[in-house]
S.K.: 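My questions all concern the structure below.
Note that the numbering runs from 1 along the sequence shown for the chain. Every value quoted in this text rests on a predicted model; they were computed, and no experiment measured them.
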Amino acid sequence: MTDLISAQNEKTESFGDDRATTTPLTPAETSDDAQPPTGDQPLAWAPIEPKPKKRHLGLWIGLGLGVVAIGAGAASMFLIAPGSTVAGIPVGFLTPGAAADAVDAQLASTEITLTGAGDGTVLSGADLGATIDAKALADEAFAERPFWNVTTWMGAAIPGEITLDAATATSALRAAVPSSFVDPVDAGVVFDAATQQYVTTPSEAGTGIDIDDLTAALSDAVAGGAQTLEYPGGPAEALAAVSDDDAATTAAALNTMLSTAGFYIGEERTVPVTPDVVASWLSVVDDDGKLQIEADPAVIQSTVDALPGLVDRAPVNETNIVDSAGTVLRQEQVGANGRALSDTSGVAEDFAAQLQTGNGNFALTVSETPFEVVTLARRIDIDLGSQRATLYENGNVVQSWAVSTGLPGTLTPTGNFKVFAHTRMQDMGCYPGAPYCTENVPWITWFTTNIGFHGTYWHNNFGNRMSHGCVNLPVDLAKYVYDWSPVGLEVAVHN
């Protein structure tokens, strides 16, 4: 250890710039008990050599490449494969969102130079209202061609449909080339009061720039990767939006509706409406190139207000003529239920809406009162003694008249008979060897062989026997019996 001791107060040795210095401990710096041995030098520690620093450049390079590799791998999960195009617009190395923005931006900035009448005017896709479903196409590109799938790199173009907003494009083109535009005239439909029919007015062609053709040219240019194109600005034929055929179809539908228009109860057109009235309710308007039927509820209301007086009715009872056994001999009156129109407060509005669809048959709602069946038991009584015929209905006398029955030798037969036939007019007794001939005897109601009631124009001696067996009546009363007596009516003849 003696070789490590240096004399107290001896100057510190220098070990060079890269070594630390060592300072001897003084007595004050030692503890009270630590006294240096006599003649010995104080202790001094040798300086500690610093460890050489290791260089880790390779590690840092490796870490950097790893981070880059991880980042590239992660990015490949969100990017579209290189070489991908949507509608001719490159979208490779982009996220779907960025790709959609790129497609929209390039389409909006694509320039169209109008030649000829356009005189070099330049319009952009944005000026013409050009649009494409960029988001859906970008999503499709990413779904089909993700960056990580190298087999999809440099794939075929994904087509996309470009459209131009017709109003925006026409406005821009009209402002750029006004001389190319002459508005066409649409065909129309009007009501002709003379014929009570709808007729057409013809269309007239105009001129303009074909928006569909321009759209196709723009689509082809963009699909080919171009961001500029030239297009003729001269006039092309512009057909009317409403053609003559369109107008003819509308007129035919309206005329069909006119022929059946009205208010219906079931299948019955209870209240027909004439064509001129229906036409006063309607207007045929050109709605952006399509003919539409419009109906005015306020005008229809006046007709609706009159409906109760035309629809409401009391029941009409069915009336049947019967014999004494109740057998129906003839239906004298057909029965009909009574009816009352329901609330009409919304009819005008509902009918207007229906007319606009081309349907002119409006169904009314009514409440009904059933009819009753009434029977009329009729019979005729002939009293030969009093020379009188009496007509009964349900036991009550309806009519009673003086008549002329058969003279002695040609007496009217007695008994109970039934009417079996009616003859409007015929000659009586006019045959060879007949004892008499009376021509044109009217209103004959037959109730037994060769015997019946009939009109008599050759005498006025009623109440006395005058005939060859028939029952003579004045002509008007014979007509009454003819009409009043159905086949099967009971006739009683007695003295």
Side-chain angles (χ1 to χ4, degrees), residues 165-167 170-171 183-206 238-314 336-369:
D165 180 77
T170 300
S171 177
D183 291 335
V185 177
D186 287 343
V189 175
V190 296
F191 183 73
D192 178 36
T195 62
Q196 295 286 286
Q197 293 276 296
Y198 279 94
V199 297
T200 63
T201 57
S203 63
E204 295 179 13
L239 298 177
V242 180
S243 69
D244 294 340
D245 288 343
D246 295 336
T249 299
T250 300
L254 283 165
N255 289 330
T256 299
M257 181 173 69
L258 291 182
S259 66
T260 60
F263 296 90
Y264 285 71
I265 297 176
E267 297 297 320
E268 174 195 357
R269 183 161 60 150
T270 307
V271 183
V273 183
T274 59
D276 57 320
V277 172
V278 177
S280 72
W281 300 346
L282 305 178
S283 300
V284 181
V285 298
D286 185 343
D287 183 9
D288 194 23
K290 184 175 182 180
L291 293 179
Q292 302 280 5
I293 301 171
E294 294 183 354
D296 187 349
V299 181
I300 298 173
Q301 187 63 50
S302 60
T303 301
V304 172
D305 291 340
L307 287 178
L310 300 171
V311 173
D312 294 356
R313 71 183 182 196
N337 290 336
R339 65 191 180 201
L341 193 62
S342 300
D343 179 27
T344 62
S345 58
V347 168
E349 290 78 6
D350 292 344
F351 200 6
Q354 186 176 300
L355 287 165
Q356 290 174 174
T357 68
N359 183 0
N361 300 6
F362 191 85
L364 294 174
T365 302
V366 296
S367 57
E368 291 196 340
T369 304

S.K.: Report yes or no: does E294 contribute a side-chain atom to a donor-acceptor pair with the main-chain N or O of S283 at less than 3.5 Å?
M.R.: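 Not at all, since once roles are kept as given, no pair shorter than 3.5 Å links the two residues.
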
S.K.: If I take atom OG from residue S259 and atom CD from residue Q196, how far apart are they, to the nearest 0.5 angstrom?
M.R.: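 The OG atom of S259 sits 13.0 Å away from the CD atom of Q196.
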
S.K.: Is the backbone of L341 close enough, under 3.5 Å, to the side chain of D312 for a donor and an acceptor to pair up by distance?
M.R.: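 Answer holds: yes.
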
S.K.: Indicate whether any N or O donor in one side chain lies under 3.5 Å from an N or O acceptor in the other, for T357 and N359.
M.R.: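 Per modelled atom types, T357 and N359 side chains form no pair under 3.5 Å.
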
S.K.: Using the six-membered ring wherever Trp is involved, compare the ring planes of F362 and F351 and label them parallel, tilted or perpendicular (cut-offs 30° and 60°).
M.R.: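 Taking F351 first and then F362, their aromatic rings sit tilted (interplane angle of 30° to 60°).
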
S.K.: If you measure from OH on Y264 to CG on N361, what distance do you get to the nearest 0.5 Å?
M.R.: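 Between atom OH of Y264 and atom CG of N361 there are 4.0 Å.
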
S.K.: What's the shortest heavy-atom distance between S203 and A187, and which atoms?
M.R.: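 Scanning both residues, the minimum pair turns out to be CB-N, 3.5 Å.
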
S.K.: Within the 3.5 Å criterion, strictly below it, is a donor on T249 or D246 matched to an acceptor on the partner's side chain?
M.R.: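 Distance-only check fails for T249 and D246.
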
S.K.: Would you say the side-chain atoms of T200 pair up with the backbone N or O of A248, donor to acceptor, closer than 3.5 Å?
M.R.: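 No.
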
S.K.: Between S243 and D245, does any side-chain donor sit less than 3.5 Å from a side-chain acceptor?
M.R.: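 There is no such pair between these side chains.
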
S.K.: Once rounded to the nearest 0.5 Å, what's the spacing between atom CH2 of W281 and atom CG of L355?
M.R.: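 If we round to the nearest 0.5 Å, W281:CH2 and L355:CG are 6.5 Å apart.
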
S.K.: What's the separation between atom CD1 in I265 and atom CG in N337, rounded to the nearest 0.5 Å?
M.R.: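 Separation between the atoms: 11.0 Å.
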
S.K.: Using 0.5 Å steps for rounding, measure from the CD atom of E268 to the CG atom of L364.
M.R.: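 Here the interatomic distance stands at 10.0 Å.
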
S.K.: Rounded to the nearest 0.5 Å, what separation is found between the CG atom of D343 and the OG1 atom of T365?
M.R.: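 If we round to the nearest 0.5 Å, D343:CG and T365:OG1 are 10.0 Å apart.
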
